[in-house]
Number of protein chains: 2
Amino acid sequence: MTGHGSNGHGNSKRGRVTLRDVAEAAGTSRSTASRALAGNGYVADSIKARIQEAADRLGYVPDVSARTLKGQSSGLVGLLVSDLRNQFYAQLAAGVEQTLAAAGQQLVLVDDHGSEDQAAAGARAFLSMRAAGVLLAPVGKAATQALVDRGMPVVEVDRRSGVRGCDSVTIDSELGAREAVGHLLARGHRRIAMITDETAWDTGQARLKGYRAAHREAGVPVSRRLVLTLGLRPADPIGDVSAFLDQNPDVTAVFAANNVVGEAVWQELKRRGQRVPADCSLVCFDDMTWMRMVEPGVTAVRQPVYDMGVRAAEMLLKRATGIGGRPAAEVLQPELVERGSTLAVPQR
Amino acid sequence: MTGHGSNGHGNSKRGRVTLRDVAEAAGTSRSTASRALAGNGYVADSIKARIQEAADRLGYVPDVSARTLKGQSSGLVGLLVSDLRNQFYAQLAAGVEQTLAAAGQQLVLVDDHGSEDQAAAGARAFLSMRAAGVLLAPVGKAATQALVDRGMPVVEVDRRSGVRGCDSVTIDSELGAREAVGHLLARGHRRIAMITDETAWDTGQARLKGYRAAHREAGVPVSRRLVLTLGLRPADPIGDVSAFLDQNPDVTAVFAANNVVGEAVWQELKRRGQRVPADCSLVCFDDMTWMRMVEPGVTAVRQPVYDMGVRAAEMLLKRATGIGGRPAAEVLQPELVERGSTLAVPQR
DNA sequence: CTGTTAGCGCATTCAT
DNA sequence: ATGAATGCGCTAACAG
């Protein structure tokens with residue numbers, strides 16, 4: 001039964017049921033109806049019930065625009081990510097959504113595809129809709145700065161732009177990288193390549209730093225030529241990895257600095273018939289589904305991504321509620337998950 | 001001049017710059033400023049430039065709430081998915097976001113976790129924010145019905161609730177299943193298990209239908225006991241698969257009806273040391289990253305998920321623009337990607 | 001071409 | 001305990 005469109009109640013001009021309609025139906029004034037429905041102020045129980053009933057019967061839905069305009073929060077929280085197709089950001093978004101939903105807020109998702117311009121456009125949109133706050137993985141300072149300047153509560157996730165006045169939730173990248181590379185060094189590897197997407201932002205830098213720190217601790221010199229930076233949106237990452245491996249045949253292990261890079265490395269290793277870990281060991285930063293599906297499993301630095309989303313959303317909600325205090329910078333701990341992709345260096 | 005009651009600069013109150021502030025700064029009326037900025041109506045170029053300059057200088061950001069209240073679209077489009085952590089929905093969301101962003105609309109994402117109640121809550125929120133339209137993978141009729149009844153443009157994706165009055169974009173599940181199972185039958189398999197999450201909605205039903213149709217075409221009888229339904233949020237899917245395989249040792253191939261089920265099947269097969277495809281062949285509906293990373297690759301029915309998101313968003317945008325016409329039901333074609341997980345049935 | 005007027009739907013004073 | 005009045009920021013009529 002599809003109902004055929006026209007429900008001809010006292011419903012005024014255009015199908016949209018407003019507070020006025022409810023009030024009229026209940027025989028009260030709009031203000032009383034407002035109070036009854038919002039639960040503010042005093043309203044006699046009998047009247048309240050009548051209003052509630054009328055609202056239900058008419059299918060009244062409050063109008064956020066009007067409420068927002070009046071000065072309330074829009075109930076919208078912005079999330080700006082760099083690539084929704086990347087499982088990392090999808091997990092992050094899932095954690096954020098879950099937390100927001102529980103607090104009755106809605107998630108507005110924008111993908112900037114790594115572009116500062118698109119991030120700026122997203123920031124403007126969030127401002128424009130009077131978002132209660134914004135969560136973002138920064139791609140430069142501009143967006144964060146613009147938001148903070150206008151008093152918008154901001155929590156940066158995964159990366160930090162360096163802009164002051166916003167909270168952040170990140171994962172200890174340096175520690176994760178140090179453990180991953182230390183794991184390799186402890187197994188005798190001495191020619192460990194680091195393949196990464198970027199070393200321009202703090203996250204990439206920290207991973208590089210961890211890579212170096214691990215070497216330093218082990219008393220092994222690092223060679224600049226063993227670090228390959230693919231770029232943020234490489235045209236042919238597998239080809240780049242291939243060329244790199246051709247030029248560095250002495251490499252016995254690879255540290256892939258994120259899941260996307262890891263994917264390219266794994267595929268190239270397979271393509272050239274290299275066995276993992278017999279011919280080459282592999283550790284990835286950021287544990288993804290496929291790493292536990294393949295044989296052998298890929299040793300990985302697990303990041304609590306979903307939790308990061310949850311924590312970030314919690315911080316934002318708190319901040320949006322008006323609780324001041326100094327900007328907080330929460331750092332979550334990664335965890336090395338050992339699987340089969342790392343073995344002692346082959347004796348040849 | 002009129003305004004000497006002002007206490008100085010217009011925006012001093014609360015940091016928020018309004019059209020009034022811009023107009024004052026440019027020495028024009030608010031309506032002129034509005035027209036200049038929105039590009040509607042006639043405004044002298046010199047004035048327009050002055051207004052534009054003032055807006056930029058003050059950092060004016062239009063207020064969507066006010067604009068929406070006035071009767072415009074909110075510029076928000078809702079998307080309701082069942083599980084954002086599932087890569088399938090993440091890809092879908094990515095396609096939607098991309099298309100929306102290009103049209104200057106924002107994506108509001110709600111995850112109903114398969115619950116009708118949460119879907120209903122999401123629907124209410126979309127109504128409340130005067131979304132320009134809503135895209136959803138239905139979990140029942142209620143949400144779609146509520147939206148359609150109120151004249152909200154709706155496009156259903158991946159599944160169809162059967163509610164009339166909305167568009168839909170789906171993938172031909174029956175065809176995909178028929179091809180997948182036909183592929184197995186052609187290789188001599190006669191005991192093919194179908195493991196699925198649900199057979200209650202049209203998508204699951206269509207896949208079951210395709211499974212049966214393939215058997216019928218091959219003249220092979222189907223046995224009810226070979227179909228295992230895990231449920232939408234199974235407590236222990238791997239355990240269930242394990243028990244099933246114990247009870248049906250004659251199975252030589254498995255057709256997993258979606259990527260989540262496929263994951264469980266793959267893991268259980270590995271756990272019990274079964275070789276794929278030597279001991280058991282596997283085909284999955286819905287091609288995911290891990291299926292091309294594992295060795296051998298998993299033969300899969302590739303769904304154009306991202307494109308489905310794009311198409312659905314396009315349809316919605318068109319509909320929201322007020323273009324009427326009969327509800328459209330677009331069906332996208334899946335594609336069987338043959339990899340190494342399917343072999344001729346072992347002769348034993 | 002530009003300014004004046006009005007009102008979108010709601011929550012909030014302030015009076016009763 | 002309830003109703004009347006006000007204004008949030010913007011745009012669409014309508015004058016000029």
Side-chain angles (χ1 to χ4, degrees), chain A residues 11-52 54-55 58-75 127-131 150, chain B residues 1-3 10-11 13-52 54-55 58-75 124 127-131 150:
Chain A
N11 174 1
S12 49
K13 15 184 117 168
R14 301 205 328 176
R16 178 166 280 281
V17 179
T18 80
L19 199 50
R20 175 192 211 103
D21 300 320
V22 175
E24 277 177 11
T28 73
S29 73
R30 281 166 279 169
S31 2
T32 303
S34 172
R35 282 188 291 253
L37 263 14
N40 293 338
Y42 303 97
V43 179
D45 285 352
S46 61
I47 307 256
K48 182 182 281 186
R50 213 163 67 219
I51 292 172
Q52 188 60 257
L58 298 180
Y60 169 70
V61 179
D63 188 312
V64 192
S65 309
R67 189 175 285 177
T68 302
L69 191 57
K70 189 61 192 160
Q72 321 280 314
S73 159
S74 67
L127 247 9
S128 201
M129 68 182 69
R130 293 213 207 170
R150 286 179 172 72
Chain B
M1 291 286 198
T2 48
N11 72 343
K13 292 184 157 186
R14 302 203 331 176
R16 179 166 280 284
V17 180
T18 79
L19 198 50
R20 175 192 211 105
D21 300 320
V22 176
E24 278 178 13
T28 74
S29 73
R30 281 165 274 166
S31 14
T32 303
S34 171
R35 283 188 290 253
L37 263 14
N40 293 338
Y42 304 96
V43 179
D45 285 352
S46 62
I47 307 258
K48 184 182 278 187
R50 215 165 64 220
I51 291 172
Q52 188 60 257
L58 298 179
Y60 169 71
V61 179
D63 187 312
V64 192
S65 308
R67 190 176 283 176
T68 302
L69 190 57
K70 186 61 193 166
Q72 321 279 315
S73 159
S74 66
R124 238 177 298 126
L127 248 7
S128 202
M129 68 181 69
R130 291 212 208 173
R150 285 179 172 73

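No side-chain heavy atom of A:Val64 sits less than 4.5 Å from a side-chain heavy atom of B:Arg130. For the pair B:Thr32 and B:Ile51, the minimum side-chain heavy-atom distance is below 4.5 Å.
When the C1' atom of C:dC8 is taken as reference, atom CZ of A:Arg16 falls 11 Å away, rounded to whole Å. Atom pair A:Leu69:CG and D:dG7:C1' shows a separation of 9 Å (rounding to whole Å applied). Between the CG atom of A:Leu19 and the P atom of D:dT2 there is a distance of 15 Å, rounded to whole Å. Computed from coordinates, the A:Arg20 CZ to C:dC8 P distance equals 7 Å when rounded to whole Å. For A:Asp63 and C:dC8, the CG to C1' distance is 9 Å, given to the nearest whole Å. In this structure, B:Met129 atom CE and C:dG9 atom C1' are separated by 17 Å, rounded to whole Å. Taking atom CD of residue B:Glu24 and atom C1' of nucleotide D:dG9, one finds them 13 Å apart after rounding to whole Å.
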Residues 33-43 of chain A side chain polar contacts: donor-acceptor under 3.5 Å, at least two apart:
none

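The two residues A:Tyr60 and A:Leu19 come nearest to each other via the heavy atoms CE1-N, 3.5 Å. Counting all heavy atoms, side chain and backbone alike, B:Asp63 lies closest to B:Arg16 at OD2-NH1, 4.0 Å. Closest heavy-atom contact between B:Ala131 and B:Ser74: CA-OG, 3.7 Å. Considering all non-hydrogen atoms of both residues, A:Thr68 and A:Ser73 come closest at OG1-O, 3.8 Å.
Comparing C:dT2, D:dC8, D:dC10 by their closest approach to the side chain of B:Ala44 singles out C:dT2. Here C:dC1 is the nucleotide among C:dC10, C:dC1, D:dT11 with the atom lying nearest to any side-chain atom of B:Tyr42.
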Please list, for nucleotides 12-16 of chain C, all pairs of protein and nucleotide N/O atoms separated by less than 3.5 Å.
residue	atom	partner	partner atom	Å
C:dT12	OP1	A:Gln72	NE2	3.2

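Contact check, A:Arg67 against C:dA11: a side-chain N or O comes under 4.0 Å of OP1 or OP2.
Using a 4.0 Å heavy-atom criterion, one finds that A:Thr28 contacts the sugar-phosphate atoms exclusively.
Positionally, the nearest nucleotide of DNA chain C for B:Gly27 lies more toward the 5' end than for the other of B:Gly27 and B:Ala66. Summary of the strand contacts: B:Lys48 and B:Arg130 both lie near DNA chain C, and taking for each the nucleotide with the nearest heavy atom, the more 5' one is attributed to B:Lys48.
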